[in-house]
Amino acid sequence: MQGNEHWKAVEDASERIRSMKVRGAGSIARSAAQALSDFSKSYNGEDLVMDLRKAARMLLDTRPTAVSLRNGISMTLSGCDRGVGADEVRRIVMDNADDFVKGSLGAVSEIGRIGSELIPNGSTVLTHCNSSAALSMIGHAFDDGRVKEVICTESRPWRQGHITARWLAGRGIPVTMIVDSASGLMMDEVDLVVVGADTITSEGRLFNKIGTSLISLAARERGRPFYVCAETYKFTSDDVFEGRIEERDASEVSDPLSPGDLPGVRFRNPVFDVTPPERISGIVTEKGIVEPSMAKRIAEGLMSGPAHNWI
Ligand code: RI2
């Protein structure tokens with residue numbers, strides 16, 4: 001778009017995020033942070049701060065639901081407008097991006113360590129879609145000898161469940177895949193549910209892959225715990241996220257089923273849904289396990305000090 005080499009990093013990252021070549025709320029945030037770092041590194045234009053704002057906008061416009069993307073970008077650009085001269089701005093952005101990427105990967109690992117204790121010995125765990133944070137928790141618990149089996153949903157329409165199943169099988173964890181709509185029936189064989197998060201609002205509402213809310217209903221009906229794994233940068237107190245459900249192209253739903261042979265039928269493809277706080281048993285963050293009612297405090301950055309469990 002802008003014709004300069006430095007824009008390529010941002011345009012490429014935006015395209016990869018929009019087309020889901022890079023996906024997962026944490027991965028898209030890290031990818032955006034890295035793109036802003038690369039942009040700054042190779043920048044040879046007139047006004048780095050102004051162009052960083054444009055680059056941030058381009059990255060933000062790719063996917064609307066995961067607040068991780070916005071928070072990752074904000075953390076990467078934090079303080080850059082106070083930099084004096086392009087070299088200082090460049091250093092601030094590159095250091096911030098580095099800190100964000102390392103911090104977010106560290107948080108995923110810490111969530112695994114902290115969350116493992118929630119899984120009783122010999123458990124069958126159900127997970128939905130593909131969340132690196134949820135898999136960190138399940139993987140740690142398996143290493144601790146607590147997980148007997150994982151049931152994973154296919155996760156239509158993108159079938160991210162295949163990534164999950166491959167990862168689990170590769171670690172030697174017994175895994176069974178089901179279609180999403182079998183989650184209710186299978187709940188009888190499940191001890192607890194563990195999922196990831198794209199956004200958690202200050203009221204403790206979870207935005208996650210379409211189908212999550214129905215799974216939480218089935219878990220609640222059968223009295224199964226429903227845990228969410230979420231790095232603290234996936235929390236927000238900004239109400240603007242309340243209504244933001246990404247709706248992708250309908251062809252992602254219709255093409256594999258009926259290439260053009262259902263004339264007159266409208267397809268829709270909302271890719272996230274909302275799970276209310278009363279159906280969430282606990283949220284595992286890198287700072288500890290919290291109840292949904294704590295979400296506002298986390299979003300406002302009031303949590304401090306060492307890892308601590310609130311439930
Ligand atoms: P991690 C994914 O969204 C799923 O909804 C998943 O639960 C969530 O991001 C969190 O993933 P998508 O990008 O950050 O596949 O835990 O639409 O990897």
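Just so you know, ligand 1 is whichever comes first in the structure, and atom 1 is the first atom listed for that ligand.
The pair Arg70-Asp238 meets the salt-bridge criterion, since a charged nitrogen lies less than 4.0 angstrom from a carboxylate oxygen. A salt bridge links Glu231 with Lys234: the distance from a Lys NZ or Arg NE/NH1/NH2 to an Asp or Glu carboxylate oxygen falls below 4.0 Å.
The protein residues lying under 4.0 angstrom from ligand 1, judged by non-hydrogen atoms, are Arg23, Gly24, Ala25, Gly26, Arg63, Cys129, Asn130, Ser131, Ser132, Ala133, Gln160, Gly196, Ala197, Asp198, Asn208, Lys209, Lys234, Phe272.
Distance alone, capped at 3.5 Å, places no donor-acceptor pair between the Asp180 side chain and the Thr153 backbone.
When the shell of 6.0 Å around CD of Glu278 is examined, it contains more than 12 heavy atoms from other residues, nucleotides or ligands.
Counting only residues at least two apart or in different chains, ring pair (Phe, Tyr, Trp, His ring centres under 6.0 Å) contacts with residues 37-76 comprise His6-Phe39, His6-Tyr43, Trp7-Phe39, Phe39-Tyr43.
For the side-chain hydrogen bond (donor to acceptor under 3.5 Å, both in side chains) with Ser19, the lone residue among Arg23, Lys21, Arg16 that qualifies is Lys21.
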